[in-house]
Undergrad: 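Let me begin by handing over the structure; questions about it come next.
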Amino acid sequence: MEALYEAFCAADPDFYDRRGHDLTDEALFPPVREAVAPDGWRRIAEPAWVYYQPPGVHLPAQGWKVHVSAAVDRSAEVVQVVYDYCVARSLTFKVVPGAREYQRRNAKYAERAGSGKLATIYPLDEQHLHTTVTDLGELLAGTPGPYILSDLRWAEGPVYVRYGAFAPRTLTGPDGRETVAVEDVDGNLVPDARGPVFSVPDWVQLPSFLKPDLDRRNATRVDQLPFEIVSALHYSNGGGVYEGRMRTDGEKVAVKEGRPYAGVDREGRDAVTRVRRERDILRHLAGLPAVAELKGCHSAAGHEFLVEEFVAGEPLFTAAARRNPLVDDVPPSPERLAAFRDWAMSVWERVAEAVADLHQRGVVFGDLHLYNILCPTQDEEAAGARQVRLIDFEAGWFVEEGGRQVMANPGFGAPRDRTGTDVDLYALAALKLAIFAPLTSLIPLNPAKAAQLAGVIADRYDVPPGWFDDALETLTGRPSVSPLPCRVDFGPAAWAEVRSSITAAIAASRSPERDDRVFPGDIAQFLHSDAGLGLAHGAAGVLWALRTAGACEVPAAERWLLDRVHREEPDGRAGLYNGRHGIAYALWELGHRDAAVDLLARLPRAATPDTDLSLTEGLAGIGLNWLHFARACDDDQYLKRALDTAERVHALLGDVADVAETSGGAHPHAGLMQGSAGPALFLTTLYEETGDTRHLDAAATALRQDLRRCAHSEGGTRAEGRALFVNEGFRLMPYLAAGSAGIGIALDRYMTHRQDPEFMAALAAIRRAVVPSFCPFPGLFGGAAGLLLFNAHHAVAPGTAARQAHILDWHVLHWRGRMAFPGTNLLRMSMDLATGGAGVLLALAAVNEGERKTTLRPSLPFLLPPEPQVEPSGPSLSPATATPERR
């Protein structure tokens with residue numbers, strides 16, 4: 001996922017943005033430079049592809065498609081061949097626009113399923129398919145290129161085939177993201193499998209002329225290699241890393257695979273070249289205690305396999321996160337903080353010694369970061385082990401070669417003016433901070449952040465004065481103390497100033513001249529056409545948050561939103577956070593009530609999802625919004641929509657055991673936004689409006705579904721019990737959207753009507769989970785701000801949220817003299833509600849307005865019970881006075 005975020009970093013140094021390309025750019029492939037299509041053809045130019053469709057040709061919705069691959073240095077000539085061939089035969093096709101974009105698609109951490117796809121051709125039927133692969137196979141015979149993992153290779157050339165979607169039809173997957181869909185034999189939309197392994201849908205028959213190619217693919221074996229693969233440890237576009245076993249004596253080894261022409265770095269070197277470079281470096285470094293022993297290097301089917309000693313231990317990132325007391329649900333004691341500080345400083349010294357040994361041998365590591373350093377486990381340390389090990393030397397070089405850094409982990413990449421061993425020294429300086437707080441990717445966004453992070457770390461862990469000075473000088477050229485304070489006042493005394501600063505940053509970031517968005521936010525803004533309008537990531541959410549927090553308005557952005565809503569056909573998503581219901585809700589709250597009602601009126605019933613129960617874009621969020629408009633407009637048509645939506649939720653909810661015991665991955669997510677807590681909130685609210693206990697009973701079932709996907713933290717060191725988190729199988733999550741905090745909100749709302757010992761215990765355990773002193777991200781949905789919002793309204797101890805507000809010290813940035821915050825993955829800033837400044841502003845408003853005892857009750861829509869209406873303008877929808885029909 002991080003690689004996807006990196007792809008949106010190229011266009012702007014401050015914010016995530018889509019890549020653009022100039023159609024006259026000399027870097028584009030020659031056919032693409034021409035801004036006009038062949039006579040009568042339709043041409044659509046996008047950053048990732050340029051599409052060509054001949055006149056009079058109507059494609060089926062799905063079928064067998066042809067992909068063409070090429071090595072990066074041969075890509076231009078292959079595009080020319082494909083272009084000429086398809087235009088001459090009136091075949092619909094698309095090509096990558098230029099070599100830079102193609103190289104990016106073939107980088108080490110690019111999507112594996114899409115690697116190597118330089119051109120796509122859409123035959124009309126199997127006869128056209130056979131002709132196309134035969135002709136192109138002959139035209140491109142002998143042309144090298146990366147293997148397209150999702151496809152079946154035709155003969156021995158760079159031509160591949162796969163069955164899949166032609167038309168852009170989509171489904172929402174278990175993780176809440178859109179996935180491309182195809183139609184099965186019964187006419188149902190199902191996911192178009194685009195994994196890194198060739199597969200054919202069950203209802204599709206492989207054409208007979210492809211059978212020899214499938215047989216040839218299945219016959220490829222590696223039995224002749226001196227090792228066997230036991231399990232996969234890691235995959236990248238460049239190949240896999242595996243646990244292996246030697247065939248002769250059964251010795252456990254690590255095996256690193258390099259795929260030919262794939263995993264290309266900035267120098268154009270593929271994974272095979274880098275594996276061979278790593279082999280040479282390991283030979284040169286033989287005998288150093290921090291370096292694994294080389295066992296051999298072998299070739300098979302063009303792939304290169306490096307075999308080395310299997311190094312035990314755990315990545316430094318994992319070791320630090322597991323030991324760090326600030327991420328625990330237990331308040332950190334001075335003794336635990338001091339123990340972690342001493343461990344972190346000791347580990348850094350050992351890493352520095354290991355790097356010095358490399359430099360003594362004339363080698364630059366080139367890619368030092370938290371995941372390329374292995375530490376002894378706690379058990380190994382208890383047994384006396386202290387040696388750290390360095391792994392993954394493929395980006396390294398010999399000092400005498402005068403090489404430069406071609407790959408780097410965000411937050412550890414040296415500036416372009418650093419060369420030789422200075423590249424490693426920069427990464428060591430970043431590591432000094434990152435062991436305590438893996439936030440060094442913020443430094444390029446805000447150079448003053450380095451010294452401020454050092455100050456925050458020294459403040460929290462009592463690190464000796466001066467320990468960071470050399471690191472700061474390496475990172476910034478200045479060892480002096482940062483003007484940014486290590487403790488920012490987010491409390492009531494400074495609230496007006498903080499609100500004004502965040503608001504000013506949001507307003508300054510606006511770009512109403514754009515058509516896709518007005519405020520910069522998460523990359524989700526670019527994943528469907530109207531995401532820049534919605535609550536979660538778009539203008540509606542930002543503007544609503546500003547109003548809810550009592551901040552200044554941004555009239556130009558409101559005009560932009562109204563204009564887009566007026567001219568957009570309501571054919572996009574219908575949901576609350578990712579669609580039109582959320583936009584309508586925000587417009588109503590912003591005072592544009594006619595526009596809100598009109599938007600709902602233009603939303604066809606067909607836009608409502610059939611099976612999605614979620615709060616984000618499914619029935620729960622839509623039902624809550626219908627209830628809101630029923631109350632606000634005193635209109636029974638909206639109430640009927642809400643009741644109809646509830647019936648669908650009842651029908652789809654299922655039993656407690658119908659959900660898995662883990663969240664995410666191959667299973668639907670738990671939590672407020674994608675899980676069953678959203679339907680529970682809707683059904684509880686509907687009970688409040690109608691008095692129908694059937695809704696409350698179903699809400700209890702939904703809550704138990706999400707609690708089934710929760711787990712307690714280990715240890716139970718608190719006298720009052722262990723904390724409760726959403727269980728994702730490999731980690732425990734406390735956050736608002738997909739963690740236990742969101743479930744706790746729904747539990748708290750439910751228990752205002754019905755006490756349940758199981759739920760009381762769960763809510764108490766959730767309250768223990770949402771008080772860490774550090775989070776990786778600051779955002780509302782998946783970070784610190786969401787925990788603040790929870791504690792502002794649902795904590796038992798007064799002042800819990802106010803005391804926790806210093807958790808934002810870690811992430812606060814200064815942008816153009818104003819306070820801003822990074823988005824997901826910390827590579828760029830964000831202003832949206834879900835991940836950025838608007839969400840942080842909302843959370844801080846909840847904390848401070850509560851402390852000031854004001855009438856404002858800032859929270860996300862519908863999370864708090866509505867205020868009672870003292871003088872209702874019409875018949876009340878409350879349980880006490882609802883008519884039998886409304887009940």
Side-chain angles (χ1 to χ4, degrees), residues 64-86 89 91 93 95-96 99 102-103 105-106 110 112-123 126-164 194-200 206-225 237-240 257-264 268-273 275-276 298-305:
W64 287 95
K65 60 180 70 175
V66 177
H67 289 122
V68 179
S69 171
V72 173
D73 62 355
R74 300 285 299 275
S75 56
E77 63 182 85
V78 172
V79 165
Q80 189 68 61
V81 169
V82 170
Y83 182 92
D84 292 342
Y85 179 84
C86 292
R89 290 158 182 80
L91 289 170
F93 69 103
V95 294
V96 176
Y102 185 57
Q103 182 166 332
R105 287 164 172 264
N106 288 290
R112 296 172 71 220
S115 175
K117 293 178 181 178
L118 176 63
T120 306
I121 304 157
Y122 301 93
E126 290 186 8
Q127 180 179 348
H128 280 97
L129 171 70
H130 193 186
T131 301
T132 302
V133 294
T134 301
D135 292 348
L136 286 176
E138 294 175 357
L139 288 169
L140 298 172
T143 303
Y147 198 104
I148 299 177
L149 298 174
S150 61
D151 288 25
L152 178 64
R153 187 179 190 180
W154 170 260
E156 298 295 334
V159 179
Y160 296 79
V161 298
R162 187 182 77 83
Y163 188 92
R194 298 187 175 199
V197 177
F198 173 70
S199 63
V200 181
L206 185 78
S208 59
F209 59 84
L210 295 177
K211 180 75 164 53
D213 300 286
L214 183 63
D215 293 341
R216 181 166 50 253
R217 174 188 176 276
N218 294 337
T220 302
R221 307 181 65 85
V222 292
D223 292 349
Q224 74 278 14
L225 294 173
N237 187 36
E257 172 196 20
R259 293 179 57 220
Y261 310 109
V264 180
R269 301 180 307 175
D270 68 354
V272 167
T273 302
V275 165
R276 291 171 179 167
H298 310 276
S299 299
H303 293 228
E304 200 78 5
F305 295 92

Undergrad: What distance do Ser299 atom OG and Leu225 atom CG have between them, rounded to the nearest 0.5 Å?
TA: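 Output value for this atom pair is 9.0 Å.
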Undergrad: Salt bridge or not between Lys211 and Asp215? Use side-chain N to carboxylate O under 4.0 Å.
TA: yes
Undergrad: Would you check if Cys86 and Ile121 make a side-chain contact, meaning some heavy-atom pair closer than 4.5 Å?
TA: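 Side chain of Cys86 against side chain of Ile121, heavy atoms only: contact under 4.5 Å found.
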Undergrad: Using the ring pair (Phe, Tyr, Trp, His ring centres under 6.0 Å) definition, which of the options Tyr163, Tyr122, Trp154 pairs with Trp64?
TA: Tyr163
Undergrad: If you look at every heavy atom in Pro146 and Ala71, which pair is closest and at what distance?
TA: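 Smallest interatomic distance, heavy atoms only, reads CD-N, 4.2 Å.
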Undergrad: Measuring only between side-chain heavy atoms, which start at C-beta, is Lys117 closer than 4.5 Å to Asp151?
TA: yes
Undergrad: If only atom types and distance count, is the side chain of Asn106 paired as donor or acceptor with the main-chain N or O of Ala262 below 3.5 Å?
TA: no
Undergrad: I want to check something: taking the side chain as every heavy atom from C-beta on, are Pro123 and Val66 in contact at a cut-off of under 4.5 Å?
TA: yes
Undergrad: For Asp270 and Pro260, indicate whether the former's side chain and the latter's backbone hold a donor-acceptor pair under 3.5 Å.
TA: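 No, the answer is negative, given that no donor and acceptor are paired below the 3.5 Å cut-off.
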Undergrad: Does any part of the side chain of Ser208, heavy atoms only, come nearer than 4.5 Å to the side chain of Glu126, both counted from C-beta?
TA: no
Undergrad: For the residue pair His298 and Gln224, establish whether any side-chain heavy-atom pair is separated by less than 4.5 Å.
TA: no
Undergrad: Roughly how far, to the nearest 0.5 Å, is the CZ atom of Arg162 from the CG atom of Leu149?
TA: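 So the CG of Leu149 and the CZ of Arg162 are separated by 12.5 Å.
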Undergrad: Are side-chain heavy atoms of Leu136 and Tyr85 found at a separation under 4.5 Å?
TA: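 With C-beta onward as the side chain, the pair touches.
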Undergrad: I need the Thr132 OG1 to Gln127 CD distance, nearest 0.5 Å.
TA: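 Those atoms lie 10.0 Å apart.
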Undergrad: Distance-only, no hydrogens or angles: does the Arg153 side chain make a donor-acceptor pair with backbone N or O of Glu156 under 3.5 Å?
TA: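 Yes, Arg153 side chain to Glu156 backbone: donor-acceptor pair under 3.5 Å.
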Undergrad: Tell me the closest heavy-atom pair linking Val78 and Val68, and the distance in Å.
TA: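 Smallest interatomic distance, heavy atoms only, reads CG1-CG1, 3.6 Å.
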Undergrad: Under the ring pair (Phe, Tyr, Trp, His ring centres under 6.0 Å) definition, can you give me all pairs with a residue in residues 129-148, not counting sequence neighbours?
TA: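 Ring pair (Phe, Tyr, Trp, His ring centres under 6.0 Å) check on residues 129-148 returns His130-Phe209, Tyr147-Tyr160.
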Undergrad: Closest approach of Phe198 and Val161, non-hydrogen atoms and distance?
TA: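 So the two residues come closest at CE1-O, 3.8 Å.
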Undergrad: Quick check: closest heavy atoms across Leu129 and Pro207, and the distance to 0.1 Å?
TA: CD2-CG, 4.3 Å
Undergrad: Would a 4.5 Å heavy-atom cut-off, applied to side chains only, mark Arg217 and Asp213 as touching?
TA: no
Undergrad: Looking only at heavy atoms, what is the nearest atom pair of Gln103 and Gly268, with distance?
TA: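 Closest heavy-atom pair between Gln103 and Gly268: NE2-N, 4.1 Å.
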Undergrad: Just wondering, do Arg89 and Thr131 contact through their side chains at under 4.5 Å, heavy atoms?
TA: no
Undergrad: Distance-only, no hydrogens or angles: does the Ser69 side chain make a donor-acceptor pair with backbone N or O of Pro158 under 3.5 Å?
TA: no
Undergrad: Suppose we screen for ring-ring contact (aromatic ring centres under 6.0 Å, His included). Which residues come up paired with Tyr102, at least two apart in sequence or across chains?
TA: none
Undergrad: Have Arg259 and Asn237 got a donor and an acceptor in their side chains that come within less than 3.5 Å?
TA: yes
Undergrad: State, to 0.1 Å, how close Ala70 and Leu118 come at their nearest heavy-atom pair, and which atoms those are.
TA: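 Taking every non-hydrogen atom into account, CB-CD2, 3.8 Å.
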Undergrad: Would you confirm whether Ser75, through its side chain, and Val72, through its main-chain N or O, come within 3.5 Å as a donor-acceptor pair?
TA: yes
Undergrad: In this structure, are over 12 heavy atoms from other groups packed under 6.0 Å from Tyr261 atom OH?
TA: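 No, OH of Tyr261 has 12 or fewer neighbouring heavy atoms, counting only those of other groups under 6.0 Å.
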